[in-house]
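Report on one structure; see the data block that follows.
None of these values were measured; they are calculated from a predicted model. Only heavy atoms go into these numbers, but all of them, side chains included; no hydrogens, no water, no symmetry mates. Counting convention: from 1, in listed order, for ligands and their atoms alike.
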Amino acid sequence: MTDNFINKTYIEDMLKEAEFADNESVSRALDRAEKGETLTHKETASLLKTGDPGHIKRIFAVAGEIKKRIYGNRIVMFAPLYVSDYCVNRCAYCSFNTGNEFSRRRLTMDEVRREVKILEMMGHKRLALEAGEHEDQCPIDYILECIKTIYEMKFENGEIRRVNVNIAATTTENYRKLKDARIGTYILFQETYHEPAYDSFHLSGPKKDFTWHLNAFDRAQDAGIDDVGGGVLFGLGDPYFDVMGLLLHNEHLERKYNTGFHTISVPRLCPAAGMNIKDFPNLVDDETFAKIVAIIRIAVPFTGMILSTRESHEMRKKLLQLGISQISAGSSTGVGGYERTASARGAETRSEPSNPQFMVNDDRSAISIISELMDDGYIPSFCTACYRGGRTGDRFMSLAKSGQIRNVCLPNALMTLCEYSMDYGDDTFRKKTAAVIEKEIPSVVNDTVRRKTIENVEKIRSGAGRDFYI
Ligand code: SAM
Ligand code: SF4
């Protein structure tokens, strides 16, 4: 059944009207956001359309406050794992598109294990599995086998504890299989909610069907996947239209399934083989992008926001203050890319060179990113507790909205950071981590939880235990 809940005329009229919003109404919207009230579409549109430097400064301040109030200073870490670059679609922006000539491949299970081993050596516990769309070369059974292989791997220092999946829109039956394979979040970017723009960038293949793609989360929810993660690829359509589209999509899911997006990703177009970024007329500049991130934070305070290494070191630093709660680190965006990087550093060469899906901008190592996060006052978190404890969908959201998440996420962040530092850090790194933990433990407000956290941190440090979570 087709269901297009993105009313194009409604969004366009709203954005047109918002151009004439007066100063007082924008200030009133920000006053309401500051008090934690939910903004109307009209108010959000007025924030998007304001160019007033005073308002923009306040948008950043309010978003920063919301971020601190709800997420504290925790930043969840993850990395992508590309398993196959076969693709039948012709997306004008992507190097995997079917019109691009290069030697395509998918990982064998041995190669999956080798990539995962390298990711584990970086300390990752949470992966986003990525693939192009190809029913023959990359069928759902192959994806399921990858997931099974990853979950089965156990190392001295732990294991991958959560596999999120970012594969093409598929059938309810396939989503049921992914649910049974115990995926974390099912992630899919709408790319753009503006249907004519969507049509112009998706030249052929099943992904060209806007409504099929748009209704993917409904099918995933129908199949029992209640953690879904949305996003748009900024640089394709009108970015303000796309923010409104994200909000309408979120509300549609809330209405129908009682739970909206678990996360929103904010990828921005990067150069890639086979495309010229100059051909894209809606590229988003840094200042506008920061404003958009801040407005999404204000509009959906309880939805996690994900930023990848598509952004530069400097932009990531800035956007972390405005609302981002989850970042990738040490990423490769090509099939077999981790082993390739490792072999470039002197290890035995096994993989063919990979064709990256796009160029990353932040190519620092995972540990240097994690270390700098601590220098900047953040707590890098490797927590996967909600997923493992069954706190997904509306159970997660009600916990988040009640503020209880602070008694759960902070101790989990501290315990997993301690584990990371013991497993992967040198003396200097461990000292830095210890200082962060000592400083943050008093902020665990529940006495019993705080005592338990201290006890567990001691056990991790002395080697008497690991993998604790609340
Ligand atoms: N192939 C599936 C799909 O397209 O839905 C799975 C996701 S694909 C591996 C990951 C995402 O990368 C796409 O959804 C797209 O938004 C993004 N992407 C593709 N080309 C990009 C580029 N040149 N710059 C930044 N992001 C890009
Ligand atoms: Fe294929 Fe996804 Fe790239 Fe489109 S964005 S060409 S579907 S891998």
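- Residue contacts with ligand 1 for Lys207 involve side-chain atoms from C-beta outward but no N, CA, C or O (heavy atoms, distance under 4.0 Å).
- Heavy atoms of Phe189 found under 4.0 angstrom from ligand 1 belong exclusively to the side chain.
- Taking 4.5 Å as the limit, every side-chain heavy atom of Gln221 sits out of range of all side-chain heavy atoms of Lys256.
- Given atom 8 (S) of ligand 2, the protein heavy atom at minimum distance is Gly132 CA, 3.6 Å.
- Here Ser95 has no heavy atoms under 4.0 Å from ligand 1, in either its backbone or its side chain.
- In terms of N/O distances under 3.5 Å, ligand 1 is approached by Tyr93.
- Counted by atom type alone, Asn361 and His313 present zero donor-acceptor pairs between their side chains at under 3.5 Å.
- Taking atom 1 (N) of ligand 1 as the reference point, the nearest protein heavy-atom neighbour is Ala131 O, 3.0 Å.
- Scanning all protein heavy atoms for the shortest distance to atom 1 (Fe) of ligand 2 gives Cys87 SG, 2.2 Å.
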task: Any chance you could lay out the ring-ring contact (aromatic ring centres under 6.0 Å, His included) test for Tyr198 and His194, step after step, and finish with the verdict?
output: CA-CA 6 Å; Tyr198 186 96; His194 191 273; over 10 Å; no
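- Side-chain N/O atoms of Glu254 and His249 include no donor and acceptor closer than 3.5 Å.
- In this structure, Arg105 fails the cation-pi test against Tyr86, since its NZ or CZ atom is not both closer than 6.0 Å to the six-membered ring centre and inside 45 degrees of the ring normal.
- Protein heavy atom in closest approach to atom 2 (Fe) of ligand 2: Lys207 NZ, 4.0 Å.
- For atom 7 (S) of ligand 2, the closest non-hydrogen atom on the protein side is Asn89 ND2, 3.3 Å.
- Closest of all the heavy-atom pairs between Lys177 and Leu144 is O-CD2, 3.5 Å.
- For Asn89, no heavy-atom contact with ligand 1 is shorter than 4.0 Å.
- The closest non-hydrogen atom to atom 5 (O) of ligand 1, taken over Ile187, Thr192, Asn97, Leu188, comes from Leu188.
- A parallel orientation is assigned to the rings of Phe382 and Tyr420, their planes being inclined by less than 30° (bins at 30° and 60°).
- Counting heavy atoms from C-beta on, the side chains of Leu246 and Ile296 come closer than 4.5 Å.
- For atom 24 (N) of ligand 1, the closest non-hydrogen atom on the protein side is Cys270 N, 2.9 Å.
- Heavy-atom distances between His202 and ligand 2 stay at or above 4.0 Å for every pair.
- Here the heavy atom of the protein found nearest to atom 3 (Fe) of ligand 2 is Cys94 SG, 2.3 Å.
- Those atoms of ligand 1 with a heavy atom of Arg268 less than 4.0 angstrom away are 25 (C).
- Heavy atoms of Cys91 come nearer than 4.0 angstrom to ligand 1 in no pair at all.
- Contacts between Asn166 and ligand 1, counted as non-hydrogen atom pairs separated by less than 4.0 Å, involve both the backbone and the side chain.
- Here is the list of ligand 1 atoms found below 4.0 Å of a heavy atom in Ala272: 23 (N).
- Screening Asn166, Val112, Ile143 for a side-chain contact (heavy atoms from CB on, under 4.5 Å) with Leu129, the sole residue that qualifies is Ile143.
- Results of the salt bridge (charged side-chain N to carboxylate O under 4.0 Å, His left out) test with Arg316 over Asp376, Asp362, Asp363, Asp286 single out Asp362 as the only residue that passes.
- Closest to atom 4 (Fe) of ligand 2, if we only count protein heavy atoms, is Cys91 SG, 2.3 Å.
- Cation-pi contact between Arg106 and Tyr142: present, with separation from the ring centre below 6.0 Å and deviation from the ring axis of at most 45°.
- Of all atoms in ligand 2, numbered sequentially from 1 with element shown, those under 4.0 Å from a heavy atom of Asn97 are 6 (S).
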- prompt: What's the verdict on salt bridge (Lys or Arg N to Asp or Glu O under 4.0 Å) for Arg388 and Asp467, showing C-alpha distance, side-chain angles and the deciding distance?
  reply: CA-CA 11 Å; Arg388 297 162 87 203; Asp467 194 10; 2.9 Å; yes
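- The proximity of Pro267 to ligand 1, defined as any non-hydrogen pair under 4.0 Å, does not occur for either the backbone or the side chain.
- In terms of protein heavy-atom proximity, atom 17 (C) of ligand 1 is closest to Arg310 NH2, 3.4 Å.
- With contacts defined as side-chain heavy-atom distances shorter than 4.5 Å, the pair Ile306/Phe78 qualifies.
- Side-chain contact between Leu178 and Ile140: present, with at least one pair of heavy atoms (C-beta onward) separated by less than 4.5 Å.
- Taking each of Gln357, Glu191, Met359 in turn, the one with a heavy atom nearest to atom 19 (C) of ligand 1 proves to be Gln357.
- Looking at atom 27 (C) of ligand 1, its nearest protein heavy atom turns out to be Phe358 CD2, 3.6 Å.
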